[in-house]
Amino acid sequence: MERNETPEDRAFRAEVRAWLEGNLSGEFAGARGLGGPGREHEAFEIRLAWERHMAAAGWTCVGWPEEYGGRGATLAQQVIFNEEYALAGAPARVGHIGENLLGPTLLAFGTREQRERFLPPIVAVRELWCQGYSEPDAGSDLANVQTRAERDGDGWRITGQKVWTSLALEADRCFVVCRTEPGSSRHRGLSYLLVPMRQEGVEVRPIVQLTGTSEFNEVFFDGARAGADDIVGAPGEGWKIAMATLGFERGVATLGQQVGFRRELEGVIELARRTGAIDDPLLRDRLTRSWMGLEIMRLNAVRTMAGVAAGAPGPESSISKLVWGTWHRELGELAMDVLGASGLVAAGEPYDLDDWQRLFLFSRADTIYAGSNEIQRNIIAERVLGLPRETREGTR
């Protein structure tokens, strides 16, 4: 990495590495590599037990203030933790939505009462969260949210539908962007509510994907309730807070994600050697370009982290989702071309996919979820480059 680690950072890296090596053993020896995109169905209970084991040792929410159960780790140390976690092949996290999205949001915008109520269960991995943003008619266009919340006695009553909700079946609570101002439209009149999932009026329906798994879900709210104090910020501030959450989502975990990408690329290169595809000059050129793309992502991530550390993240942060989503989808396509005709056949009945088939199928979604490529390009054009807004139907 192009970072000058301090002696304290090097000591922290050694501590993280030693703890992971010593604890990914015994009952957790088989947990290495479990879970992740397209594989969130794998060994959920083992991964939950592992994460609670981490919590007991103080290895969850490492960047949070010590006051709220974290370690107060610096930005550099948070990056180190995510890198070492990925390098160790530790299982995919089950509490990452609460830890990486909601927690930082509450630290920035929540009341002291909300922090004291919601943060400790996240640190202990006793309360899991999901994200209620996308809707059937408001996917990448989040400002078109139609889910409604109305004041009702001593709380809020929520009606509407969310879709593509990761881990909704396992989650205890959901942070929901909904419309609380009747007659409002677009970015105005939205609020950010913290809604219990295990109540009447909440129905979760799994969505079966191309991989045959169902880590995404539809969530229906039919008069579901949240308390009067379960709103982050003031009514009508939901857009600002929702955008801040998305900023946290694209934070320090990015470099850890790239360690996983590098492992996948190395696997595809090794596959090309075994199949002889490495001798095809066109495939060899694509493998080289894939390696170059990963290096560019890494350097951009380091640059982004430097901006964050300086308190002024630059426009380079806006391109990360567009770049990695496209790169990862193309890696899945490359894996299939390296496999050749054998990649068209499932390994077993009824639909037993190998890692490369699963990578290809699931990575088709990378350029759609968390903001489609088309929406990302519009955001970059309008908000970063300052180009004129695209003329859209109904706005002429």
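Residue numbers count from 1 along this sequence.
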Are side-chain N/O atoms of [X] and [Y] paired as donor and acceptor at under 3.5 Å?
{"X": "Thr326", "Y": "Thr367", "value": "no"}
{"X": "Glu264", "Y": "His328", "value": "yes"}
{"X": "Tyr192", "Y": "Thr245", "value": "yes"}

Out of Val204, Val145, Asn217, which residue meets the side chain to side chain contact (heavy atoms under 4.5 Å, CB included) rule with Lys162?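 Among the candidates, only Val145 passes.
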Has [X] got a side-chain atom pairing as donor or acceptor with [Y]'s backbone, closer than 3.5 angstrom?
{"X": "Arg93", "Y": "Thr60", "value": "no"}
{"X": "Trp327", "Y": "Ser290", "value": "yes"}
{"X": "Asp280", "Y": "Leu282", "value": "yes"}
{"X": "Gln161", "Y": "Glu135", "value": "no"}
{"X": "Glu127", "Y": "Leu119", "value": "no"}
{"X": "Arg157", "Y": "Gly223", "value": "yes"}

Parallel, tilted or perpendicular, as decided by the 30° and 60° cut-offs, for the rings of [Y] and [X]:
{"X": "His53", "Y": "Phe28", "value": "tilted"}
{"X": "Trp239", "Y": "His187", "value": "perpendicular"}
{"X": "Phe261", "Y": "Trp324", "value": "tilted"}

Would you please test Asp229 and Arg117 for salt bridge (Lys or Arg N to Asp or Glu O under 4.0 Å) and show each step? CA-CA 11 Å; Asp229 296 331; Arg117 177 183 172 192; over 6 Å; no
Can you tell whether the side chains of Arg205 and Glu203 come within less than 4.0 Å, N to carboxylate O?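 So Arg205 pairs with Glu203 through a salt bridge.
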Any Lys/Arg nitrogen of Glu181 or Arg188 sitting under 4.0 Å from an Asp/Glu carboxylate oxygen of the other? no
Is it the case that more than 12 heavy atoms not belonging to Asp222 sit under 6.0 Å from its CG atom?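 Open.
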Would you kindly check if the NZ (Lys) or CZ (Arg) of Arg71 is within the cone defined by 45 degrees around the ring axis of Trp59 and under 6.0 Å from the six-membered ring centre? yes
Ring-face cation contact, Trp156 with Arg225, 6.0 Å cut, 45° max: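 That pair does not qualify as a cation-pi contact.
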